[in-house]
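Note sheet for the following structure.
Note: hydrogens, waters and symmetry copies are ignored here, and every other heavy atom, side chains too, is used.
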Amino acid sequence: EGTSGSVSRRWIWKAAKVRRRLAFEGHNPTLGEVVAQSYVLAYTENVDLLVAALEKEKLKPTVLRAVYSAEEQTYSRNVRTFMNHHNAWLRASRHDGYTLICEGDYVPCQGLASFPTFWPSDDPVAWGYLYQGSPRLLALIGAEKYLRCHTSPLVAYVVNARVAQVLEERFPERVAS
């Protein structure tokens with residue numbers, strides 16, 4: 001469950017520090033309280049350790065293994081990964097509650113389900129990134145000082161049915177561009 005040695009201890013310490021800070025700011029429901037199911041996106045990689053970690057957290061993982069047509073096999077790896085995310089959005093849009101969607105190489109923190117949610121729960125189109133690559137902070141916006149940022153790729157995130165539906169609807173125009 002993650003790397004060993006000082007790196008994992010450092011991440012566990014940072015995660016605990018974040019939990020204490022968020023708990024001090026007021027109670028938010030935990031990820032375990034709001035995540036109704038999890039999807040692990042994979043192609044051929046072994047995701048047994050990730051699935052076991054999510055099961056231990058009681059986040060109800062299901063592995064979504066991509067199957068590509070001969071034509072789709074010619075697409076770039078990024079496009080094929082994006083197609084697998086689209087499949088997860090289709091499924092998540094049909095469920096109540098939040099869905100954790102993560103790629104097969106995601107390494108969750110120990111105690112992930114006990115972490116407080118950090119997105120505004122009263123906003124029906126708010127969602128939470130748990131991990132992303134290449135983040136760029138663009139601005140602080142609004143009275144509540146929400147971060148406006150650009151990130152790529154989507155490695156691990158939590159969406160509700162409405163957000164999944166919006167992502168699903170925007171998929172064709174994103175693939176075309």
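Contact between V51 and P61 at its shortest, heavy atoms only, is O-CG, 3.7 Å. Across every non-hydrogen atom of V163 and A126, the tightest pair is CG2-O, 3.9 Å. Shortest non-hydrogen contact noted between L50 and P108 is CD1-CD, 3.6 Å. In terms of heavy-atom proximity, V159 sits nearest to A92 at CG2-CB, 4.3 Å. The two residues L59 and S38 come nearest to each other via the heavy atoms O-OG, 2.6 Å. Between R80 and Y68, the closest heavy-atom pair is O-OH, 2.9 Å.
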request  = Just do the ring pair (Phe, Tyr, Trp, His ring centres under 6.0 Å) check on W89 and F82 with the steps written out, would you?
outcome  = CA-CA 10 Å; W89 302 333; F82 196 32; 5.7 Å; yes

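The backbone N or O of Y43 lies less than 3.5 Å from a partner atom in the side chain of E45, making a donor-acceptor pair. Not one N or O on the side chain of N160 forms a donor-acceptor pair closer than 3.5 Å with the backbone of T99. No donor-acceptor pair closer than 3.5 Å links the side chain of T117 to the backbone N or O of L31. For R65 (side chain) and L41 (main-chain N/O), no donor-acceptor pair under 3.5 Å exists by modelled atom type. Remark: the backbone N or O of V166 is not paired with any side-chain donor or acceptor of E169 at under 3.5 angstrom. Counting only distance, with no hydrogens or angles, the side chain of Q165 and the backbone of S93 share no donor-acceptor pair below 3.5 Å.
Using a 4.5 Å heavy-atom cutoff, the side chains of C109 and F115 are in contact. Taking the side chain as every heavy atom from C-beta outward, N84 and L64 approach each other to under 4.5 Å.
The side-chain contact (heavy atoms from CB on, under 4.5 Å) search around T44 returns none, not counting sequence neighbours. By the side chain to side chain donor-acceptor pair (under 3.5 Å) test, T81 is found to be paired with no residue, residues two or more places apart in sequence or in another chain being considered.
To the nearest 0.5 Å, atom CG of residue L112 and atom OG1 of residue T30 are 9.5 Å apart.
Applying side-chain contact (heavy atoms from CB on, under 4.5 Å) to V158 and the options Y98, W127, F118 leaves one that passes, Y98. With respect to Y75, the side chain to side chain donor-acceptor pair (under 3.5 Å) criterion is satisfied by exactly one of R77, E72, Q73, E71: E71.
Aromatic ring centres of Y157 and H85 lie closer together than 6.0 Å.
Placement of V40 and L90 in two distinct hydrophobic clusters is found when ILVMFWY residues are connected by side-chain heavy-atom separations under 4.5 Å, directly or transitively.
Counting non-hydrogen atoms of other residues, nucleotides and ligands closer than 6.0 Å to NZ of K60 gives a total above 12.
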